[in-house]
Protein chains: 2
Amino acid sequence: MTDLAAVLRAHGRRLTPQRRRIVEALTHLGHATPDGVAAQVGADGGPSVPLSTIYRGLEALESLGVVSHTHLDHRAPTYHLTGHADHVHLVCRGCGTIDEVPASAATEFVARISASRGFTADVTHLAVHGWCAGCRP
Amino acid sequence: MTDLAAVLRAHGRRLTPQRRRIVEALTHLGHATPDGVAAQVGADGGPSVPLSTIYRGLEALESLGVVSHTHLDHRAPTYHLTGHADHVHLVCRGCGTIDEVPASAATEFVARISASRGFTADVTHLAVHGWCAGCRP
DNA sequence: TTGAATGCAAAAAATTTGCATATTG
DNA sequence: CAATATGCAAATTTTTTGCATTCAA
């Protein structure tokens, strides 16, 4: 991804092998917590990367819009590539299962808050909590 | 709220003064992190309550459906009374401002995922990230 | 009475930060 | 070269847990 290097360079940041591996890890995993990213990075054959570098790398990449994060469950920020397929997560409060639906399901909702508040919502990886068919109260 | 005592009792749990004060704190604050709840509880005139009790109390109340929580920002679970007015939070990634819109704005969205996945979404206090009018990219 | 809850204190997790050193551009 | 990142270790912050004691029902 020369593209990635370009994005970083454009902001005076640098593409280091660690950052490249973080992006590769996310490409491979889809979603992952900082800890999960570190594990995947450590499993890619190269030397392990300290968590502090993972955190700083994710922070840098997020500030440039390359990755973003959401909170799928209680205490766990999960990161993903911003370009990753748009979808909304349906998190069941009963069994904890996480289902996904295309982000397009929220189109009307997004348009509505844009019209009423001028707010541009990013429903990519939006986490919606509730109950799945089996746990429906 | 004798009602509260009843809910707890119905599950073999007890209504302690600490729990009552936690609920009062949330009633007063609307939303708050465990830390914020502790601060408010400590400011209500009574003796301070250790964080561990706050955590265990919120956990117990949440398991009974009295309170629920969401993640409005990066690392901070915010709790609120489940009966608290339904609204969706619009969290700006630019300036961090948090706006609110009635949960009814998501009616069509909720119906759609209910129809397609049988998922009963609870959009109360749903946190939608994006950019407010001023920070729109 | 009697099991659920509290209070402390200590243990775990999860993040962040300081700094000397290594690297990218 | 010069400024940005990394690695490590140490410091924070946040949340959880063990247990003797207290208290609600």
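Within every chain, numbering begins at 1; the chains are lettered A, B, ... in the order of the sequence lines, protein sequences first and strands thereafter.
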- [ ] Kindly determine whether B:Thr78 and B:Thr70 satisfy side-chain contact (heavy atoms from CB on, under 4.5 Å), including the steps that lead there.
- [x] CA-CA 6 Å; B:Thr78 59; B:Thr70 49; 3.5 Å; yes

Open item on the list: Using the rule given for side-chain contact (heavy atoms from CB on, under 4.5 Å), can you reason through A:Arg56 versus A:Ser52, listing the C-alpha separation, both sets of side-chain angles and the distance that settles it, and then say yes or no?
Closed with: CA-CA 6 Å; A:Arg56 288 193 273 223; A:Ser52 59; 3.8 Å; yes

TODO: Might you work through the side-chain contact (heavy atoms from CB on, under 4.5 Å) test for B:Leu58 and B:Leu26, ending with a clear yes or no?
DONE: CA-CA 10 Å; B:Leu58 287 171; B:Leu26 285 178; 4.1 Å; yes

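One can place NE2 of A:His11 at 21 Å from P of C:dT24, the figure rounded to the nearest angstrom.
Contact between the side-chain N/O atoms of B:Arg9 and the OP1/OP2 oxygens of D:dA25 is not found at any separation under 4.0 Å. The side chain of A:Gln18 places no N or O atom within less than 4.0 Å of a non-bridging phosphate oxygen (OP1 or OP2) of C:dT23. OP1 or OP2 of C:dT6 has at least one side-chain nitrogen or oxygen of B:Arg19 nearer than 4.0 Å.
Salt bridge annotation for B:Arg20-B:Glu24: absent, with no cationic side-chain nitrogen under 4.0 angstrom from a carboxylate oxygen.
For an aromatic pair to be called close, the ring centres must be under 6.0 Å apart, and A:His80 with A:His69 fails this.
Under a hydrophobic clustering in which Ile, Leu, Val, Met, Phe, Trp and Tyr are joined whenever their side-chain heavy atoms come within less than 4.5 Å, directly or via other members, A:Ile113 and B:Leu72 fall into different clusters. In the hydrophobic clustering of this structure, B:Ile98 does not group with B:Val88; members are Ile, Leu, Val, Met, Phe, Trp, Tyr whose side-chain heavy atoms approach within less than 4.5 Å, directly or through other members.
For the contact set between residues 47-61 of chain B and DNA chain C, defined by any heavy atom under 4.0 Å, the members are B:Val49, B:Pro50, B:Ser52, B:Thr53, B:Arg56.
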Could you list, one pair per line, each protein nitrogen or oxygen that sits under 3.5 Å from a nitrogen or oxygen of nucleotides 21-23 of chain D, together with the distance?
none

